[in-house]
Amino acid sequence: MNFSLSPTVILLIIAGYFALLMVVSWFTGRNANNENFFLAGRKAPWYLVAFGMIGASLSGVTFISVPGWVESTQFSYMQMVFGYLLGYLFIGLVLMPVYYKLNLTSIYTYLEQRFGQVSYKTGAAFFLLSRTIGASFRLYLVAIVLQQFVMGPFGIPFWLTVLTTIILIWIYTYRGGINTIVWTDTLQTLCMLTAVILTVIAIGNELNHPGGIFAAVSESDYSRIFFFEGGWGNSENFFKKFLAGASIAIVMTGLDQDMMQKNLACRNIKDAQKNMFWFSIVLVFANLLFLGLGALLYIYLNQNGIEMPTRIVNGEAKVASDLLYPTIAMEHLSPAIGIVFILGLIAAAYSSADSALTALTTSFCVDFLGFEKKGQTTDVDENEEVLDTPDKVNTSDENRRTRFIVHISFSALLFFVILVFWYINDQSVISELFKVAGYTYGPLLGLYFFGFFTKRNIKDRFALIVCVLAPVLTYIINMNSEAWLWGYKFDFEHLILNGLLTFIGLWLISEKGDDRG
């Protein structure tokens, strides 16, 4: 039976949710200075950071794409998730102690201390590129769902849907920054997980399986996790997925200003490590939950004779697994499930995009505008006594204006990148996200591993050349691997190859010396 929600009801839900975010933003953004914006005054409770990071890690990509993946890949994605655990262990025990010891605001200032200015700017630039692409992918995915189910019926064009989404995010983050995001991410993670849990229960009740929900999933053809056959040539091979997962976790969390900025907002290294430990454990169960939802969606689809949703790409209708969850939640289950799905979807969009905007602003202000070197990561609170200190007041006002301009500029950049994706993308969004990350995060992996595990100094002026050549060579090898490597086909592990090529290139331009860091 069709229980689809009207677009007007959905808009009211979105408006109510946004109003709640604005209340949180007002309380957390009052009198916020640069230190609050960048690192929440280094006073963020670790348990809030840990819970909120789940939503930022999952994002709209996991919320929609992972359930749709289940038909073609079963639960093989969990092999990558187990690899994440190894990556998070490395982050907690190796990377974070260094970040805290050096008292970093931007993690890329480590590269300046270790190698020099060119390496530093190169690393920060690759982050800006990586996070801009990644955040745009996530918002794009959510925007196409909003367009199909909400804005489209009103005749609103896609560009206006995207613009509205970005403006709403900008409004509640531009003052408080990370100080606001620590709290809003917690709310958004709660909404996202609640939506999935309630949908799982609703579909389980509809299926009425004699063994219950768990039995329905475990007895299906979708629940296989481990794949050892086929060797390295099999894209689902456990060892390929596991190693790829570990490397993805390291670069997309440990070497990513967006994710590490939340960890650096904790009171001390012990709190940050507790955050990473609990976050990684809960994330495993959260991903299992999403995969279980995917299995239930396909079981429900098949039992009720529902056709797979499609999307028009270049004038041709193509199966859109990304739309499976929203289609069933909003058109085939109860209105209550449709409501919680919308809340979960919006939470997924905001939880990744809001922190991305803040991280991009932080990195550009610190790494390229030199806020930290000028003593501008802290400034005057609005209520602070400022008599006889006009220079301090002027600097404070200038800092806020600069940060405002940078923040709104990155918002505009995300808007234009999403529109580009709208016209060219025709593949699974989550797959494309990891492919892009493999090319743009690879140089960061090579730079940091060379810095941490060797004591050699590099000829810093050549660092940019190495970091540009490595992704190019990776792409060429990836495109020809089956012919050159006896049929071997790279999957997500091309990130490792990229990092290795960067490491080798840095070694070739290095000489013996003491570690500067």
Side-chain angles (χ1 to χ4, degrees), residues 32-40 42 53 56 91 95-96 98-100 102-136 138 169-170 173-174 176-182 185 250-265 352-379 399-400 402-414 417 436-437 440-445 447-448 451 463-464 467:
N33 57 21
N34 277 345
E35 186 176 16
N36 295 129
F37 186 95
F38 294 140
L39 292 174
R42 298 188 188 270
M53 278 182 63
I91 294 167
L95 294 181
M96 288 201 303
V98 173
Y99 296 158
Y100 268 85
L102 298 177
N103 196 33
L104 302 182
T105 298
S106 166
I107 63 173
Y108 307 112
T109 50
Y110 163 78
L111 296 174
E112 180 182 30
Q113 297 180 38
R114 178 64 176 87
F115 298 126
Q117 274 287 315
V118 175
S119 300
Y120 169 40
K121 302 297 185 184
T122 299
F126 268 97
F127 161 72
L128 293 177
L129 175 63
S130 303
R131 183 46 68 180
T132 298
I133 294 173
S136 299
R138 291 178 169 101
I169 293 170
W170 180 84
T173 60
Y174 85 98
I178 203 70
N179 200 46
T180 296
I181 287 166
V182 167
D185 275 4
I250 291 171
V251 298
M252 296 187 74
T253 298
L255 304 182
D256 185 285
Q257 177 66 24
D258 184 359
M259 299 301 292
M260 292 314 297
Q261 192 165 349
K262 300 180 180 72
N263 287 276
L264 294 175
S352 58
D354 57 11
S355 60
L357 268 179
T358 301
L360 289 167
T361 301
T362 299
S363 178
F364 194 84
C365 287
V366 174
D367 300 324
F368 289 94
L369 299 183
F371 268 33
E372 208 163 36
K373 289 184 175 65
K374 299 173 184 176
Q376 294 175 331
T377 50
T378 58
D379 52 28
N399 294 348
R400 291 193 180 97
T402 301
R403 194 185 73 203
F404 177 90
I405 293 171
V406 172
H407 202 185
I408 201 168
S409 297
F410 275 111
S411 301
L413 179 60
L414 292 182
V417 173
V436 171
T440 58
Y441 278 104
L444 285 172
L445 184 65
L447 280 167
Y448 276 83
L464 176 60
C467 291

> Less than 4.5 Å apart, any side-chain heavy atom of Q113 and any of L104?
Replying inline: yes
>> Determine whether L444 and Y108 satisfy the following criterion, side-chain contact (heavy atoms from CB on, under 4.5 Å), listing intermediate values before the conclusion.
In response: CA-CA 9 Å; L444 285 172; Y108 307 112; 3.9 Å; yes
> Roughly how far, to the nearest 0.5 Å, is the OG1 atom of T122 from the CD atom of Q117?
Replying inline: 10.0 Å
>> Walk me through whether L255 and M259 qualify under side-chain contact (heavy atoms from CB on, under 4.5 Å).
In response: CA-CA 8 Å; L255 304 182; M259 299 301 292; over 6 Å; no
>> Out of the candidates T105, I91, L264, T109, only one should pair with Y99 under the side-chain contact (heavy atoms from CB on, under 4.5 Å) rule; please name it.
In response: L264
> Looking at I107 and Q257, what are the two nearest heavy atoms and their distance?
Replying inline: N-OE1, 2.9 Å
>> In terms of relative ring orientation, are W170 and H407 parallel, tilted or perpendicular, with 30° and 60° separating the classes?
In response: tilted
>> To check you understand the geometry: which heavy-atom pair defines the closest contact between F368 and A124, and what is its length?
In response: CE1-CB, 3.7 Å
>> Restricting to non-hydrogen atoms, name the atom on D367 and the atom on Y120 that form the minimum distance, rounded to 0.1 Å.
In response: OD1-OH, 2.7 Å
> About how many Å separate CG of D258 and CE of M53, when rounded to the nearest 0.5 Å?
Replying inline: 9.0 Å
> If you take all heavy atoms of R131 and A356, which pair is closest and at what distance?
Replying inline: CD-CB, 3.8 Å
>> One pair to check against side-chain contact (heavy atoms from CB on, under 4.5 Å): S363 and L128. What are the steps and the verdict?
In response: CA-CA 8 Å; S363 178; L128 293 177; 3.9 Å; yes
>> Nearest 0.5 angstrom please: L445 CG to F126 CZ, how far?
In response: 12.5 Å
>> Show the nearest heavy-atom pair for residues S130 and T440, with the distance to one decimal.
In response: OG-OG1, 2.8 Å
>> With rounding to the nearest 0.5 angstrom, report the OG1 to CD distance, T361 to Q261.
In response: 9.0 Å
> If you measure from OG on S409 to CG on L360, what distance do you get to the nearest 0.5 Å?
Replying inline: 11.5 Å
>> So which atom in L111 and which in G123 form the shortest heavy-atom distance, rounded to 0.1 Å?
In response: CD1-CA, 3.8 Å
> To the nearest 0.5 Å, what is the distance between CE (M260) and OG1 (T362)?
Replying inline: 13.5 Å
>> L414 vs I169, test: side-chain contact (heavy atoms from CB on, under 4.5 Å). Steps then yes/no.
In response: CA-CA 12 Å; L414 292 182; I169 293 170; over 6 Å; no
